[in-house]
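No experiment lies behind these values; they were computed from the predicted model shown. Quick note on labels: first sequence line is chain A, next is B, and so on, each numbered from 1. Reckoned from all heavy atoms, side chains included, excluding hydrogens, waters and symmetry mates.
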Number of protein chains: 2
Amino acid sequence: MDWIEELGELALASRLRRLSERLARDASRIYADQSLDFEARWFPILSLLGGRPADSITSIAEALRLTHPAVNQLAGEMETRGLIRSVKDKQDDRKRLLELTPDGEKVREALQPIWEDIRAATREMISRSGSDLLTSLRETENALDRKNMYERVRGRINARLFRSIEIIDYAKSLRHRFRELNEQWLENGFQIEEADRRILEDPETEILAGDGVILFARLNDRIIGTCALRRIDSTSFELCKMAVDPMERGKQVGRRLAMSAISRAIYLRAGRLLLMTSPDLIAANGLYRSLGFTYVPDDEAPPVPYERSSYWLALDLNEGATRKLVEKSV
Amino acid sequence: MDWIEELGELALASRLRRLSERLARDASRIYADQSLDFEARWFPILSLLGGRPADSITSIAEALRLTHPAVNQLAGEMETRGLIRSVKDKQDDRKRLLELTPDGEKVREALQPIWEDIRAATREMISRSGSDLLTSLRETENALDRKNMYERVRGRINARLFRSIEIIDYAKSLRHRFRELNEQWLENGFQIEEADRRILEDPETEILAGDGVILFARLNDRIIGTCALRRIDSTSFELCKMAVDPMERGKQVGRRLAMSAISRAIYLRAGRLLLMTSPDLIAANGLYRSLGFTYVPDDEAPPVPYERSSYWLALDLNEGATRKLVEKSV
DNA sequence: AGCATTTACGTAAGTACTTACGTCATTATT
DNA sequence: AATAATGACGTAAGTACTTACGTAAATGCT
């Protein structure tokens with residue numbers, strides 16, 4: 001049984017590595033047969049330096065997509081063997097330029113026909129049927145250059161989580177969770193002030209009775225985040241008491257809650273959404289900015305009821321971009 | 001500049017490795033994000049053991065195409081982490097069977113959706129255009145299973161050397177080389193006997209004057225091997241004084257010389273080729289056998305003129321197989 | 001010109017495997 | 001039944017790279 005083949009796309013890296021080692025082992029044997037005292041791993045440097053002016057360590061590392069310590073090590077071995085020598089760069093005293101010695105050039109020429117044999121044998125092997133391995137590799141590398149694997153998978157994970165997070169309305173049974181989540185957040189650097197305490201103590205009076213809204217994010221029966229819309233006047237709400245379980249960070253819970261809140265505010269015929277933030281909340285501010293919130297100068301803003309250094313952001317709910325953003329996701 | 005891509009088929013192993021590491025790095029990041037204390041390299045074992053009876057170290061190693069110490073190490077880490085446990089095999093006391101703990105099963109289930117995301121993202125990436133990387137990999141692996149890279153390249157190198165070795169006739173200027181090569185060979189374990197000395201001293205009288213032939217193998221202006229045909233009677237020759245420069249072993253020089261000698265004997269209307277060998281010469285005997293030489297019982301053979309323990313082999317030159325073998329190569 | 005930043009290189013240590021080797025249990029052979 | 005050969009581990013050391021970090025030279029900034 002070959003479980004790695006069984007796993008297919010999932011174990012691609014293992015499979016690539018396996019094939020690479022198999023080929024590398026055989027290449028080593030071929031060079032060993034030549035009784036030339038030449039190591040397969042020296043090949044890229046020898047071929048790169050052949051018939052070309054001296055080149056620096058980092059420049060070689062870049063061309064071979066290796067790290068510079070790797071090139072440094074290989075260069076050391078090849079210098080000991082007498083294949084290359086290094087000279088100081090006249091212009092730049094940090095650089096050590098590598099070039100082939102006459103002996104190195106001789107070895108390169110001796111190996112050239114063998115390299116042609118390897119090339120021909122490989123070609124014959126990889127382009128047997130329709131699909132050519134080198135072409136597939138190039139295409140895969142290009143695809144990764146456009147968007148790496150991490151981003152591709154994260155995108156899918158986030159999309160999945162986004163779909164599986166449900167936004168639900170306030171219910172009496174959730175009051176303790178509203179408080180817990182917010183306290184957890186506030187304890188993390190901020191003091192709980194009187195204004196906070198009143199809302200958390202009795203959200204039904206402080207938020208809902210004033211024509212406000214409280215939303216919760218639910219993931220598999222667990223409430224992992226919350227936020228509230230507090231009525232300011234007939235055309236505006238304050239988005240506040242946004243809190244996400246610290247264990248669930250990075251799952252776009254905050255974005256999901258904010259977008260639902262915006263959509264609800266629009267539904268309630270509000271024209272403007274305000275919120276208060278402080279410069280320390282970097283992740284949160286990034287989210288707000290990406291949703292279209294902009295700074296409100298102090299003289300145009302409502303008074304700040306908290307003692308912590310804060311300022312207001314606002315979002316125009318009549319703007320087309322905002323309406324489209326929300327529609328798309330709901 | 002990307003020299004590895006430039007090299008194409010020649011640097012396939014490096015390229016595979018590079019891509020493998022790139023994918024592995026991203027996979028590690030994805031698992032790290034999950035705050036599950038799970039290492040990417042554990043994945044193959046976890047997935048293999050999932051929902052399956054306990055399995056032994058070597059059996060797992062085989063399924064994953066890893067060495068057993070690798071599996072042993074991974075198992076150690078996973079056991080410390082509490083993902084797997086090991087139980088003694090009832091039937092075989094050498095075996096340590098690995099199985100998932102309930103905790104391990106839970107982690108496996110938690111990761112399952114992420115694996116699906118990785119699978120989907122990989123699929124999207126590798127099968128962009130016509131050529132699918134996984135298909136190419138499978139085909140390449142199959143091609144290597146049929147004939148590995150070492151054999152493929154060796155075949156080409158040998159064929160190239162075979163073509164570049166020229167077989168030439170005796171000339172006065174080569175007499176010293178005929179002697180050198182044979183002395184080199186004889187010193188290597190055998191004593192130079194009187195019979196040898198006479199021939200090496202004066203091959204023109206001992207071989208050529210008696211209607212014999214001396215051939216040399218030339219590689220780029222260097223004489224690297226020789227052999228002789230000594231006339232026994234009107235229908236048979238002795239193939240003797242075959243010697244190849246020790247530095248040029250493994251290049252099929254001996255085969256090339258022997259085949260030329262056979263072809264020359266046929267041209268000279270001989271019906272039988274004899275040669276003397278001893279059981280110690282394993283490589284040479286392999287060559288003779290592969291050319292069709294067979295053992296001649298002592299009572300049918302000419303007397304043995306040397307003191308070393310020897311026997312005769314003979315080749316029927318009228319046989320179809322022999323004639324075809326020689327024709328093809330000349 | 002003076003200072004911070006960037007770049008080039010070297011060294012050390014880590015990584016995810018491998019090969020090499022030793023021990024003990026099992027199986028095959030005589 | 002004794003002995004040899006094979007198989008399953010476990011441990012140590014090697015491999016071909018990597019990341020991390022430190023130093024000195026070059027470059028950018030004010």
Requested in this report: Identify, with sequence neighbours excluded, every residue that meets salt bridge (charged side-chain N to carboxylate O under 4.0 Å, His left out) alongside B:Asp117.
Outcome: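 Salt bridge (charged side-chain N to carboxylate O under 4.0 Å, His left out) check on B:Asp117 returns A:Arg160.
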Report task. Check side chain to side chain contact (heavy atoms under 4.5 Å, CB included) between B:Glu9 and all other residues, then give those that pass, not counting sequence neighbours. Result ->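 For B:Glu9 the side chain to side chain contact (heavy atoms under 4.5 Å, CB included) partners, ignoring immediate neighbours, are A:Arg119, A:Thr122, A:Arg123, A:Ile126, A:Leu134.
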Query raised in the report: With sequence neighbours left out, what residues match A:Glu99 under side chain to side chain contact (heavy atoms under 4.5 Å, CB included)?
Result: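 Here the qualifying residues are A:Ala54, A:Arg85, A:Val87.
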Report task. May I have all residue pairs that pass salt bridge (Lys or Arg N to Asp or Glu O under 4.0 Å) and include part of residues 48-69 of chain B, sequence neighbours excluded? Result ->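 Pairs touching residues 48-69 of chain B that pass the test: A:Asp2-B:Arg65.
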**Report entry** Residue mapping more 5' on DNA chain D - nearest nucleotide basis, A:Ser28 or A:Gln91
**Finding:**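 The residue whose closest nucleotide sits nearer the 5' end is A:Ser28.
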Report summary line: With B for base contact, S for sugar-phosphate-only contact and - for none (protein heavy atoms under 4.0 Å), nucleotides 5-13 of chain C reads --BSBBB--
May I have the distance from [X] (atom [atom1]) to [N] (atom [atom2]), rounded to whole angstrom?
X       : N      : atom1 : atom2 : result
A:Arg17 : D:dC17 : CZ    : P     : 11 Å
B:Arg25 : C:dA16 : CZ    : P     : 11 Å
B:Lys90 : C:dT26 : NZ    : P     : 14 Å
A:Leu66 : D:dC17 : CG    : P     : 6 Å
B:Glu79 : D:dC9  : CD    : P     : 13 Å
A:Ile45 : D:dC17 : CD1   : C1'   : 13 Å
B:Asp55 : D:dA8  : CG    : P     : 12 Å
A:Glu21 : C:dT15 : CD    : C1'   : 13 Å

Query raised in the report: Quick one: side-chain hydrogen bond (donor to acceptor under 3.5 Å, both in side chains) partners of B:Arg25, sequence neighbours excluded?
Result: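 Counting only residues at least two positions away or on another chain, B:Arg25 forms no side-chain hydrogen bond (donor to acceptor under 3.5 Å, both in side chains).
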Query raised in the report: Can you tell me how far the CG atom of A:Asp103 sits from the NZ atom of A:Lys106, to the nearest 0.5 Å?
Result: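 Those atoms lie 5.5 Å apart.
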